[in-house]
Visitor: 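Mind having a look at this structure? Questions to follow.
In what follows, chains are A, B, ... by sequence order, proteins preceding strands, each numbered from 1.
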Amino acid sequence: MIELINIHKSFGALDVLKGVSFWSEEFGVTTVLGPNGSGKTTLIKILLGMVIPDDGEVRFNESTINGKWHYRNQLDYLPQIAKFPDNLKVSELIKMIKKFRDKTTREQELIEMFDLKPHLEKKLGTLSGGTRQKVNIILAFMFDSPVIILDEPTSGLDPVSMVRLKELIRGEKKKGKLILITTHILSFVEEMSDQIVFLLEGNIYFKGSIEDLKISTKQENLELSIASILEEQDA
Amino acid sequence: MLKILQYIVFDLTRSRWSYFYFFFYLLLGFGLLFLNTDLSKAVITLMNIIIVLTPLIGTIFGVMYFYNSKEFVELLLAQPIKRSSIFLGQYLGVAISLSASLVLGIGIPFLLYGIFLSQDIFNFLFLLLDGMLLTFIFVGISFYISLCNNDKIKGFGYSIALWLFFAVIYDGLFLVSLIMFEDYPLDKFSLIATILNPIDLSRILVLLKLDISALLGYTGALFQKFFGTNLGLVISLTMLFTWVLGPLYFFIRHSKKKDF
């Protein structure tokens, strides 16, 4: 479904991605792991066409995305930092984003799920971090697209919302969607993902299931496996 | 793109800045007519104000809006919309709203004073067209500068500096160079120098239309001598449209390559 071929990207003198190649499964949850600054968000933004790679090709459903935009109809994205125009109300924002796609949406169901009803008529600038993240989640999930990309979806969420988010993701997975997640919360990774991709120093260091990672690093759990990779790198 | 344009115009109708400019122009129009009941003289005074102020307002508002709508743009980039539609929609939204403030703000007082019954109606409409062109030009330039600079202060600084350059410094440099090189034939140099400054160009455009040779100044007189009134009008108008499209072209081109 998603294919990255030899992607290079540098910001000034900083080489963030040095020839990343990756092809996704047709469905299931893939988590992208890696230390801070390893290029997770850059990779996702390249997929969305927000960052233009210096070299390499991105293919979506077997056609290149370079300069195209129609493919984003099948893509839902939750950005890492929820940036919204401050002077809009939550309900106005949802209405506005809905206008850009001719699709039936399911925001009512999501608004109830995350208890956002009391906040609908508030201005986005006045919302707390966690509430903004909930708005972010609603915007990302309301279109019911076949591919969902979540960049740090858990940031700022309270435990109740976290449980609901996990339920939501599980439900989407059952529908046969492809879900790409970046996160630093390893319990979340262990619970949710079918496959992990480990980014290190601008390359994919490991791709496979959690079991494979544990076996290849000879560690008992995910946390230790990742720690051992990073230590090895430093040594 | 129409959806984005629609949204931005809607957003701007709620912004107090649009009303601020509208009332400012309104006050200016009434003030001018109150002090100067002769319509054709009022048109000339208005011209002097418009050719300096519309670029300044276009610049300030352009930069402010561009940086304030950064979040909005990032939100839209992840939606199935063409990149150039987002930026073109934004540009047109701001330029059209500002032009509307100008046309309505200046238009209403002159309308009440009976501009439609006077002979100056075409000169007046020409002046409004001139102000609109300058608005489009300077919104385009300030958008381009803002897109190139992630730092708001820098973007603001460069944009204001450029306005100052075109509105004030350019003429000074031009005059100095005319005096320094007075022994040489400077016709072509002056013509080119005028064409390269949209503010000078729009001043000449209106003066040619008003047909007041006393106010044309050196470059204007040269323009008239060189091209004649009609060809001069066509050429200056064409150059002004080029000035609209040039910065817009660079803005859209850069927007396609930029990382967000």
Side-chain angles (χ1 to χ4, degrees), chain A residues 9-12 16 41-42 44-54 60 65-89 92-103 123-125 132 135-136 139-140 143 145 148-151, chain B residues 1-20 61 64-90 93-94 97 146-152 154 250-260:
Chain A
K9 180 69 195 176
S10 53
F11 294 106
V16 180
T41 298
T42 306
I44 279 176
K45 285 188 167 177
I46 284 176
L47 214 61
L48 283 153
M50 292 171 80
V51 170
I52 317 289
D54 298 333
F60 188 86
I65 65 157
N66 192 5
K68 296 215 177 82
W69 54 275
H70 283 287
Y71 77 99
R72 284 199 288 268
N73 264 310
Q74 297 174 45
L75 250 174
D76 285 337
Y77 169 56
L78 181 135
Q80 182 173 20
I81 301 159
K83 287 184 188 165
F84 303 122
D86 283 346
N87 55 349
L88 275 184
K89 287 179 192 163
E92 288 172 330
L93 178 74
I94 293 174
K95 220 166 99 189
M96 186 190 84
I97 295 294
K98 266 165 70 173
K99 268 197 199 163
F100 292 112
R101 302 191 199 192
D102 297 322
K103 272 187 179 176
K123 293 257 164 98
L124 284 152
R132 286 169 82 88
V135 175
N136 210 1
L139 291 181
F143 288 114
S145 305
I148 303 174
I149 298 175
L150 308 170
D151 200 353
Chain B
M1 193 192 80
L2 276 177
K3 281 176 193 162
I4 295 170
L5 181 62
Q6 223 177 11
Y7 169 76
I8 287 169
V9 172
F10 165 72
D11 187 36
L12 285 174
T13 52
R14 295 194 310 180
S15 139
R16 53 203 150 98
W17 284 104
S18 309
Y19 292 102
F20 176 78
F61 199 82
M64 275 191 339
Y65 192 83
F66 191 86
Y67 285 110
N68 281 343
S69 61
K70 227 173 165 177
E71 289 85 18
F72 175 61
V73 168
E74 282 183 30
L75 206 62
L76 292 187
L77 281 168
Q79 300 300 325
I81 311 166
K82 210 169 148 190
R83 238 186 213 213
S84 51
S85 305
I86 300 176
F87 289 99
L88 203 61
Q90 211 182 15
V94 171
S97 303
S146 310
L147 185 71
C148 293
N149 293 285
N150 283 330
D151 184 358
K152 195 174 178 172
K154 263 192 192 164
F250 285 112
F251 171 62
I252 296 294
R253 201 182 67 164
H254 191 78
S255 78
K256 286 181 183 161
K257 288 186 292 190
K258 173 136 174 143
D259 297 326
F260 288 91

Visitor: If I measure from the heavy atoms of chain B, does A:Met96 come under 4.5 Å with its side chain, its backbone, both, or neither?
Guide: side chain
Visitor: I'd like to verify something: which residue of A:Tyr71, A:Phe11, A:Phe100 has the highest number of heavy-atom pairs under 4.5 Å with chain B?
Guide: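 Going by pairs under 4.5 Å, I would pick A:Phe100.
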Visitor: At a heavy-atom distance under 4.5 Å, which candidate from B:Lys3, B:Lys70, B:Lys258 has the highest pair count against chain A?
Guide: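 Among the listed options, the one with the most contacts to chain A is B:Lys3.
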Visitor: Counting only N and O atoms by type, is there a donor-acceptor contact under 3.5 Å from the side chain of A:Arg72 to the main-chain atoms of B:Leu77?
Guide: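 Looks like yes, one N/O pair under 3.5 Å.
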Visitor: Got a second to check how far B:Asp259's CG is from A:Ile46's CD1, nearest 0.5 Å?
Guide: 8.0 Å
Visitor: Pick from B:Ser84, B:Pro80, B:Ala78: which one has the most heavy-atom pairs with chain A under 4.5 Å?
Guide: B:Pro80
Visitor: Top residue by heavy-atom pair count (under 4.5 Å) with chain A, among B:Arg83, B:Lys257, B:Gln79?
Guide: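 Winner by heavy-atom pair count: B:Gln79.
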Visitor: Top residue by heavy-atom pair count (under 4.5 Å) with chain B, among A:Ile97, A:Asp76, A:Thr42?
Guide: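 Highest number of heavy-atom pairs under 4.5 Å: A:Ile97.
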Visitor: Between A:Phe84 and chain B, which part of the residue has a heavy atom less than 4.5 Å away: side chain, backbone, both or neither?
Guide: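 For A:Phe84, heavy atoms of backbone and side chain both lie under 4.5 Å from chain B.
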Visitor: Does atom NZ (A:Lys103) have a neighbourhood of more than 12 heavy atoms from anything else shown, all under 6.0 Å?
Guide: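 It does: A:Lys103 NZ has more than 12 such atoms within range.
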Visitor: With chain B, which of A:Lys9, A:Gln74, A:His70 has the greatest number of heavy-atom pairs at distances under 4.5 Å?
Guide: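 Greatest number of close heavy-atom pairs with chain B: A:Lys9.
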Visitor: For A:Leu93, is it the side chain, the backbone, both or neither that has a heavy atom under 4.5 Å from a heavy atom of chain B?
Guide: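 Contact with chain B involves the side chain of A:Leu93 alone.
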Visitor: So what's closer than 4.5 Å to chain B heavy atoms on A:Phe143: side chain, backbone, both or neither?
Guide: side chain
Visitor: Does any heavy atom of chain A fall under 4.5 Å from the side chain of B:Lys256, the backbone, both, or neither of them?
Guide: backbone
Visitor: Which bit of A:Lys68 is near chain B, if near means a heavy-atom gap under 4.5 Å: side chain, backbone, both or neither?
Guide: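 A:Lys68 has no heavy atom closer than 4.5 Å to chain B.
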Visitor: Using the rule given for side chain to side chain contact (heavy atoms under 4.5 Å, CB included), can you reason through A:Trp69 versus B:Ile86, listing the C-alpha separation, both sets of side-chain angles and the distance that settles it, and then say yes or no?
Guide: CA-CA 12 Å; A:Trp69 54 275; B:Ile86 300 176; over 6 Å; no
Visitor: With a 4.5 angstrom heavy-atom cut-off, which part of B:Phe260 approaches chain A: side chain, backbone, both or neither?
Guide: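 Contact with chain A: backbone and side chain both.
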